[in-house]
Amino acid sequence: MPLVLTDEQEMMRDSARGFLAEHAPIAHFRKIRDSRDPLCFSRDLWKTMAEMGFAGVLVPEAFGGVGLGYVEAGIILEEAGRTLTPSPMLSTALVAVTVLARFASEAQKTALLPGIAKGERIVALAVDEGAKHKPEGIALSAKRAGNGFRLDGRKGFVLDGAAADTLIVAARTAGAPGEISGITLFLVDAKAKGVTAEQTIMVDNRNAARFTFEGVEVDGGAVIGEVDGGWAALEAGLNAGRAGAAAELVGAGGEVFERTVAYVRERKQFGKLIGEFQGLQHRLAHLYTEMEIARATSLKALQMLDEKPDAAGPYVALAKAKTGEIARLASQEGVQMHGGMGMTDDLDFGIFMKKIRVTQEIFGDANFHTDRIARLRGY
Amino acid sequence: MPLVLTDEQEMMRDSARGFLAEHAPIAHFRKIRDSRDPLCFSRDLWKTMAEMGFAGVLVPEAFGGVGLGYVEAGIILEEAGRTLTPSPMLSTALVAVTVLARFASEAQKTALLPGIAKGERIVALAVDEGAKHKPEGIALSAKRAGNGFRLDGRKGFVLDGAAADTLIVAARTAGAPGEISGITLFLVDAKAKGVTAEQTIMVDNRNAARFTFEGVEVDGGAVIGEVDGGWAALEAGLNAGRAGAAAELVGAGGEVFERTVAYVRERKQFGKLIGEFQGLQHRLAHLYTEMEIARATSLKALQMLDEKPDAAGPYVALAKAKTGEIARLASQEGVQMHGGMGMTDDLDFGIFMKKIRVTQEIFGDANFHTDRIARLRGY
Amino acid sequence: MADLETFRAEAGAWLNANCPPEMRVPFDGEDAITWGGRNWVFRSEAEKVWLERMAAKGWTVPEWPREYGGASLSRDEAKVLREEMGKRKCRSPVESFGIWMLGPALLKYGSHEQKLEHLPKIARGEIRWCQGYSEPGAGSDLASLQTKAEDKGDHYLVNGQKIWTSYADKADWIFCLVRTNKDAPKHEGISFLLFDMASAGVTTAPITLISGASPFCQTFFSDVKVPKGNLVGQLDKGWDIAKYLLTHERDMIGGGSGGMFASRPLGQIAAQYAGQDGGVLEDGMLRAKIAQLELDAWAFSLAVDRGRDLAKAGQGLGAYSSVLKYYGAEVNKRALELVMDSMGSDALEWEGKRSKEGKTARDWLRTKANSIEGGTNEVQLNIIAKRILALPGA
Amino acid sequence: MADLETFRAEAGAWLNANCPPEMRVPFDGEDAITWGGRNWVFRSEAEKVWLERMAAKGWTVPEWPREYGGASLSRDEAKVLREEMGKRKCRSPVESFGIWMLGPALLKYGSHEQKLEHLPKIARGEIRWCQGYSEPGAGSDLASLQTKAEDKGDHYLVNGQKIWTSYADKADWIFCLVRTNKDAPKHEGISFLLFDMASAGVTTAPITLISGASPFCQTFFSDVKVPKGNLVGQLDKGWDIAKYLLTHERDMIGGGSGGMFASRPLGQIAAQYAGQDGGVLEDGMLRAKIAQLELDAWAFSLAVDRGRDLAKAGQGLGAYSSVLKYYGAEVNKRALELVMDSMGSDALEWEGKRSKEGKTARDWLRTKANSIEGGTNEVQLNIIAKRILALPGA
C-alpha cells in the first residue's frame, strides 16, 4: 500500500476539514471549556458528527455504520486535532468499536454498535489503575459469583468515563498483575450498582474519570470473548486508540507548526521579520523534517491496522512514540517563537500544548512505546 | 574552595602552556604518529616534562616529587589536551601515583615513586577485561601459591601498557565477578615470566596493550594494601585517571572550540563570513555554554580529589560524563563547521575527534558514569 | 573574622528575640510572600510586626546605606545575616521589585534626592513597584519601544502602552522606559522615568496565562503627567540603566538559586509513580532522561558557583549571566517536562484537591516562560555570540 | 502483468546461464566494486566476462535506450531484473559516476552526438568519469566557483582548481562546472563541460581523510584545451544541469537505500560487547540512546518510502530530497557513534587483524562526511526553509 492517501481518502479529509471548520472550530472548544460543561463535549455536535459517518466510521454496515477503515478514522482524528474538537471519537468510535466489532458476540454487537454509530451511546475503556499506562498490570479482580462475576477494584484516567453509558472493564480473572494471561474484558453499565465515577477535570478539558468498583455484579453475557483471554482484544482496542491518538497528534502538531511558520513570516523584531533569522529558520526546517517523518509513521500504523492488524503492534508503538515527541516539540517551539504572547490564553498555543501533553500520555507515552520496541528487539 | 584557579595555579598553567607550545605542539604528535614510533610518545620529552615537575606533580616531596595536588595535575593535562601531547602522564603520574602514594607500603613507594618522578619508570594499571569499562567485573584470578600468588587471566585497553616497566594488576582473590570485595592489586614486572603483551594501535595513536597472564608468580610483597581489599585503592586510582581525562577533554574540546570560532570569523560562503549566519552563531553560543559548564565540573572534581578524596566519586563521575559528551560535541561541530576541510588529515580536527573519542572511553564513558550516578541516587 | 563572629552572635540573639514564631515557618507558595505597598493587607499581626521590626533595624535591605533605610552592612555581614535567618527558618520580611531592581538602579544612577525619597519607602515595604519595559511591538527587541514622554516644560507627558508588567494592577509606582527622542538611534533616545500608578491616565488590564494565572498586565498611559524630577540619570541615557537592570534580572531568573527545578528529586518522583524494579526505574527510557537532566542540573549548579567565584575574583564576564540564564531556563523546562512524564495522568488533573488544583501542571506551564522572560533564549544566545565569541554581525 | 512475468522468467533463465558463480557472492567492501575505465585491471576472468555479457545485453544500464548501450527496459522491467539479480546474489557488473550521474544528465541535456559518443562507453565500463564541482573557496556555495573556461574560437581554455573530486586520480574523463561569463550573476555564467583527464594541463593530488582513506583529490587545470563540442546544453546555462544532478546525488546519499547505518542491529552489538541482564542491556543509558536511534531510523525509512510514493503519485516536493538528505545523514552519524559506544575499546583499535584494520572506527569517521558531502546539512536546512516553508530572506 503506498504511503499516500487515495483520492477517496483525500475527499474525505477535505470534507472533514470543512465540516469541523464550520461546526467545531477552536472557538467551540473554548466555549465548552469556559462554560465548564461537565460532559466536556457537545452531545449535539457528536450526533451531527455521527450523521457525517464519523461515529460509525469503523462500525460494519450491518450494524448501522459506514464500515470504513483506520486510515479513514485517522483522517477524521487528524482534522479534529487541528481544531481541537472535543468529542468521544477516540474512546468510542475507535477503541470500543475495535474491541466490539472484532471480539464481541453477535448479541453484544447488536446491542451496542448501532447506538454507537448513531452517536447515542458512549462506550469507554477502563484499563489503567496507576498514573502510568501499564495494561499488563491489571489488578482489578473479577471473581466468579453465581452465573456471573463480581468486580472489585479501581480504574483511573478512563477517557470519556464521565460521559460513558457503558464501560469495557479490563479485569483480572486469573494470574497476577504483570501477566498478560488471566485478563478478561467485561461490559459494565456505567450506572450499575457498586460503580462510582469521579470526574477528573484534565489539563486539556478532556472528559475523564476515576472509577471505583465495589462488588459490582455482572452476568456471563457481559464477558467479551473468552474468560482469561482478553489480552488480544485489549491490545487491539489499545492499538486502535494509540494509532488514533497518533493521528490526532499529527493534526495538532501540524496546526501549531503551520501557525508558527505563518507568524514568523509576519512578526518583526530588531527591524527584521523574525522568519529571516537563520536560527529560527533552521529550527523550523528541522521541525518540518521531524513532522514529515512523524506523519509517515502515523499513516503506516493506520494502514497496518487495516491490512495486517496482528502485525501492526510495533508500527503503532513507533507512531505513538514518534508523533508524541514531535507534536510536543512543535508545541514547545510554537510557544517559544511566539514569545510572551505564546504564553497567554488569548492565543491558542497553550491550549495546543495542553492537548498534546494529554494526548501523548494516552495509552502509553513515547518512553513506554520506545521501551516496548527495544524489548521486542531483544535488548 | 572557590571554583577558580589561584594565582599560583594560573602561573603554572601559563608555564605549562608555554612549555608544551615550544616542546610538544601538535606537530610533535604528528611526527610520533607518522614515524610509527612503537612507544607512541617520546621518552626524551617525558624526561623533560619530568624535569618540569609534571611526572612527579603528585609524588610527595619525600619521594622526589613536587607534592602538588590534582588541580595542578589537571592543569597540565588540560594544556596537554590542547596540544595533544603524547605522554604517559595519565597512566603513570595520575593513576599509578595515586594508588602508590595513598595505598602502597613504604618499601613499595621507595622502590617506585622516585623513578616515576624522574620520568624513568612507566607504571600502568591493568583493570578492564572486556571492551567496556567494568571494574567490578574483574575475573583475572590470583591464587595463593607458596609465599605468594599465581596470576592467570587477561587484560585489555591497558593505557601505556606497551611502554610500562611495571603493571598494577587488579586481580580477583575472592568472590565472583561483579563483586567489589575480593579484589587485590598486585605489582607485576611487565617483563615477568608468563606476561605477554600485545600492543594495540589505537585510533588516536595512544600507547595501549592487551595482556595475557599465564601462571605469573609474584611474592607477597607485590600486594598493594590488603588482600581482598583492593577496591578502595582501585577506585582511587581510577578516579584520579577519570578526573585527569576530564581535564584533558576540557583542553582538547576547548582548543577545537576556539579554533572553530576563529575559523567562522574568517571563512566566507555565499558572500558572507559564515560566522554571520545565526544558525552557526546559536550553535556556537550553545557549545560555549556547555563548555563552560563542563569546565566547572572538571575543576570541581579535581578540587574534591584534593580536599575530600573519599567524597569525590560522584563529582568525578559527573565531570567524566559531562566533559566527554561536550568535548565530543565540540569535535563534531568543529568538523561540521569546517566542512570538507574538517574531514582531511591536513587539518587537525580529525585528530582531535579521535583523541576525544578515546579519552571519553577511558575508565568509563558518559553512559557508565551517568548510570552510576543514577544508581547512587537510588533509581 | 572576629568581628564577623561577634556580628553573628548579636544578629542571632536579635532574631531570637524579635522574629515571631509564626514567621519561622517556610513559605508554602508565592501567595504567602509579603509584597508590601499602599494597599497591602497583612494576613497576621506577626507578619506586620516582623516587617516593622526588620525595617527599623535596616535589615530588609541590609547592604543599603543607613540613610536610605538600610543597615550599611558589608557583603560578608549580610551573608552572615542570611545564614542566621536561614538557620531559624525566618521568612523574608518583604520582597519586591523595589528591593531587587529599582533599589540597585537608584543606588547607582539616582540623585541623592531620589534616593532619599524612594529607597526608605521600599525598605519599609510602603510602596510597591512594577517595571514598565516590554511593549507589544517590542518584546525581545526592547530598544524599539514606542511609549513616548514629551517635554512639556514643567513635566513630561507620557503616552503609550506596556505589556508583561508584573503585578501592575497591584503596584503603587512604576519605573518605566520611555522614548524621549525619536530622531536619535533607537538605543539613544530612551529615558528612565518613575511615576505613580495612581496618576490620571494610567490603566491596567491583567493577562490570563496558559497556566491560568494572571501575574502580568497590559498597562496603558494616556496623557500621564510626570514631574521632571522623576527622571533618573540623564535624559536619553536610560538604556544604560535598562541594561544594568536586565543583567540583574537575568541573574535572578537564570542562576542564583539554581532555578526552581522540581520540588524533590526526579528519580524519587518517577519511582513513586512509574515503579522500580531491582533498584532501578522500570521505565528505562524515562530513567535515562532523568539521569541526564539531573547531571546537567548538577553541572549547571557548579557553573553558577563558578560564575559567582569568577566575579568575586574579578575575572567575571558581563555576558556570563546570559550563559546561566539560557541554560538555567532549559534545565528548568526539561525538569518539569520530566516531572509530568513521571507523574503521568495524575499530573494531568487541572482542578480538585488531589492535584492541589493542578499544581504540577501549572508549574510545568509556568516554566515555559523561563526561556522568554528577562530576554528570550534567542536573545541570550545572540549576546553570547556577540559579546563573548565576538562573531561578526552578531 | 503477464508480460512482466514472462520477462521475469526469461531474465532469470539468462542470469542462471550467464552469471559466473564467482559473481554470485556479495561484495565484501567498496574495494570489490568493478569501477571500469581505461586502466581497470579485472581481478578475475569472471569479473570481466560478467561485465561483457551484461553490457552486450544492455543490462548494465537497463533503462537507457538501446542505441546508447541500454536495453530500453521499462521501470517495472528494470525492477524485476534487480529483483532477479538480488535473488541470485548477482553482483553489480559495473558501478560508476557515469552511470549514476553523467548518464542521466546527458540523457536529459546532451545532444544526440554526445549521447552516442559517451553513453555506450559508460554502459560497457570503458570510460570512468569523475565530477568536477567543488572548489576550495566554493564548498557549500557551489555557484561561486572560479574555474574559468575562455572561448578561444575553436576551443575553450580551462584554468582553475577543483577539490573533493572523487577518484580523480583514477578517472578517464571529467564532467566539470566552469565559469564562462564572469560578468553575469553568479548562477548565470556557469557552463557544463566534458573533457579527457589525459589532456595536457590536468593534474591531480589525493587528499588524505581523517579515516585514513584517500577517495578524493585536488584537481588542477592549467591551460587545458577543450573542444567546443564538449559543452553540454547551452553556454552559461550549466547551473540547471548542476542542480538536476545535485538533487540526484542527494537522493543517493540521503534516502534511497536508507543510508548505511550499522551493519547489524545496534541492540545486538551492544548486547555482545556491553552485556545483557534479564533480557535488557546492562547499560541503561546506552540502551535508551540505541532505542531512540532505532526508532528514528525506522521512522526515517518510512519517510523515505512515503517520499517515493508521493513522487509516484505526482505529489512530490522537489525539496523533499533535502528533508531525507538532512535526516539520513544525522541518523547515520548517530548510528555509528552508538556502534562506537557499544564496542568500547575494541572499536578504538586502528590497525591489526582483530579490528579488520580499524574498520569500525574508519566507518565511524566516514559518516562525519554524510552531513557535508552533496550539500551540507546547513544548506539542506536552508533549502527547506526557502523552498518548502517560504521563509523570508531564506
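Every chain is numbered from 1 and lettered A, B, ... according to where its sequence line falls, protein lines coming before strand lines.
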For [X], is it the side chain, the backbone, both or neither that has a heavy atom under 4.5 Å from a heavy atom of chain D?
| X | value |
| --- | --- |
| B:Glu198 | side chain |
| B:Arg206 | neither |
| B:Glu361 | side chain |
| B:Ile362 | neither |
| B:Arg375 | side chain |
| B:Phe277 | neither |

Presence of salt bridge, B:Lys322 and B:Glu290, under 4.0 angstrom = yes
Distance, nearest 0.5 Å, that separates CG of D:Asn370 from NZ of D:Lys325 = 7.0 Å
Distance, nearest 0.5 Å, that separates CD1 of B:Ile356 from CD1 of B:Ile326 = 11.0 Å
If you tally heavy-atom pairs under 4.5 Å against chain D, which of B:Asn367, B:Val203, B:Asp365 wins?
-> B:Asn367
Please classify the contact of [X] with chain B as side chain, backbone, both or neither, using a heavy-atom distance under 4.5 Å.
| X | value |
| --- | --- |
| D:Ile163 | side chain |
| D:Ala143 | neither |
| D:Thr208 | both |

Those residues of residues 124-140 of chain B that come under 4.5 Å of chain D on a heavy-atom basis, listed by number, are B:Gly130, B:Ala131, B:Lys132, B:Lys134
Ordered numerically, the heavy-atom neighbours of chain D under 4.5 Å found in residues 328-337 of chain B are B:Arg328, B:Gln332, B:Val335, B:Gln336
Closest non-hydrogen atom pair between B:Lys354 and D:Leu365, with its separation | CE-CD1, 3.6 Å
Can you tell if the side chain of B:Val169 reaches within under 4.5 Å of the side chain of B:Lys155, non-hydrogen atoms only?
-> yes
